[in-house]
Amino acid sequence: MTIISAIKHTFVGLFALASLSGCASALCDAQTDHATNPLQRENNRLECQRQVMNAMDEHERKKRKESDAQLKAYLDKHLKDTH
């Protein structure tokens, strides 16, 4: 993986994360519409959004860790070749 492709991969991931946060809100709104108590509905929606955002954050951390490891391996290999 080249540095350019690693950077592109990171930006694509960030864009996807930004667009998915809106989807999380819509998904949670639809999931919690059945609650009759407005306070319970809001609490359920907020909890759902928190869970979705936590899952997306964890996925992003995992992808970033993989990308960083690939970039480090690439740099180590090519820096070793120049010495």
### Task
Kindly indicate, with the supporting measurements, whether the criterion side-chain contact (heavy atoms from CB on, under 4.5 Å) is fulfilled by Gln49 and Arg45.
CA-CA 6 Å; Gln49 285 182 335; Arg45 186 185 63 78; 3.1 Å; yes

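Using a 4.5 Å heavy-atom cutoff, the side chains of Arg61 and Asp57 are in contact.
Residues Lys80 and Asp76 are not paired through a salt bridge, judged by the lack of any N-O separation under 4.0 Å between the basic side chain and the carboxylate.
Here the options are Met56, Arg64, Glu58, Lys62, the test is side chain to side chain contact (heavy atoms under 4.5 Å, CB included), and the partner is Glu60; only Arg64 passes. Between Asn44 and the choices Arg41, Gln40, Glu42, the side chain to side chain contact (heavy atoms under 4.5 Å, CB included) rule is met once, by Gln40.
Side-chain contact, Glu66 with Gln70: no donor N or O sits under 3.5 Å from an acceptor N or O.
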